[in-house]
Amino acid sequence: MRALILVDLQNDFLPGGALAVPNGDAVIPVANALLPRFEIVVATQDWHPADHMSFAAQHPGRSPGEVVDLDGLPQVLWPVHCVQGTRGAEFAAPLCQEGWGAVFVKGTDPRVDSYSGFYDNGHRASTGLADWLRGRGVDTVYVMGLATDYCVKFTALDAVSEGFATHLVVDGCRGVELAPGDVEAALAELREAGVTLVDSGDVA
Ligand code: VGL
Ligand code: ZN
């Protein structure tokens, strides 16, 4: 059984949002086209408290893009984004939400960021996604969404280490590209980890 994992298709990651991913809106039609081809669909949702420590605003004198140490983990600082209950945290309006099996929120602990839909960045707490999928007989996942070089990458890497045959729908992803080449590097890392890169047009 296969499942589609939609990563963080939220207003704040779209043009005009607080952490806008360049051309992020281009992946919404890809998601809508893939949805009817999957019996099992899940979504992840970045869902931060207003004082999340990944926000540069919590670190006086620091700016978005800088890296700090957060409880022993390197943490890129971000603009305030995807705050629980705000419009920016909502799923993109043109995204079809019919037939979704579950939504897994992440980034709720103010002390640790959570790029992956499976675990926080310290691999300390699980969201329950892996068990949820296994409980439905899923052994194969297709991952797409925002952003390629952060949440999509770490979700796909965790999917592999959890034992799922993992596919990345490349045209269904866009990256932040804090540094030029970040997206290409992420794709190379994923390929090396055993992720199969596919085009949405090739997903039966
Ligand atoms: C993301 C940075 C911070 C993402 C989420 O969805 O890729 N990136 N929070
Ligand atoms: Zn976030």
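All residue numbers in this chain count up from 1 along the given sequence.
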Do Gln10 and Asp46 pair up side chain to side chain, a donor and an acceptor below 3.5 Å, judged on atom types alone? no

Which label fits Phe13 and His81: parallel for a plane angle under 30°, tilted from 30 to 60°, or perpendicular past 60°?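 Ring orientation, 0 to 90° scale: tilted.
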
Has Arg124 got its NZ or CZ under 6.0 Å from the middle of the six-membered ring of Tyr119, at an angle within 45 degrees of the ring axis?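 So Arg124 doesn't make the cation-pi contact.
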
Can you find a pair of side-chain heavy atoms, one from Phe164 and one from Thr140, that are under 4.5 Å apart?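 No. Closest side-chain heavy atoms not under 4.5 Å.
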
Could you tell me whether the side chain of Val42 reaches within less than 4.5 Å of the side chain of Leu4, counting heavy atoms only? no

State whether the number of non-hydrogen atoms from other residues, nucleotides or ligands found under 6.0 Å of [X] atom [atom1] is greater than 12.
X: Glu39; atom1: CD; answer: no
X: Glu184; atom1: CD; answer: no
X: Arg62; atom1: CZ; answer: no

With a 4.0 Å cut-off, would you call Lys106 and Asp8 a salt bridge?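 A salt bridge is present here (some side-chain N lies under 4.0 Å from a carboxylate O).
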
Is the shortest distance from a Lys or Arg side-chain nitrogen in Glu162 or Arg134 to a carboxylate oxygen in the other one below 4.0 Å?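 Arg134 and Glu162: salt-bridged.
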
Member of Leu146, Ile28, Val41 meeting the side-chain contact (heavy atoms from CB on, under 4.5 Å) criterion with Leu6: Val41

Does the ring center of Trp132 lie less than 6.0 Å from the ring center of Phe118?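 No; Phe118 has its ring centre 6.0 Å or more from that of Trp132.
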
Could you tell me whether Trp47 and Phe104 have their ring centroids closer than 6.0 angstrom?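 Judged by ring-centre distance (under 6.0 Å), Trp47 and Phe104 do not meet the cut-off.
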
Show your working on side chain to side chain contact (heavy atoms under 4.5 Å, CB included) between Met144 and Val30 and close with a plain yes or no. CA-CA 9 Å; Met144 63 154 284; Val30 177; 4.1 Å; yes

Worked verdict on His52 versus Asp109 for side-chain hydrogen bond (donor to acceptor under 3.5 Å, both in side chains): CA-CA 7 Å; His52 197 267; Asp109 180 343; over 6 Å; no

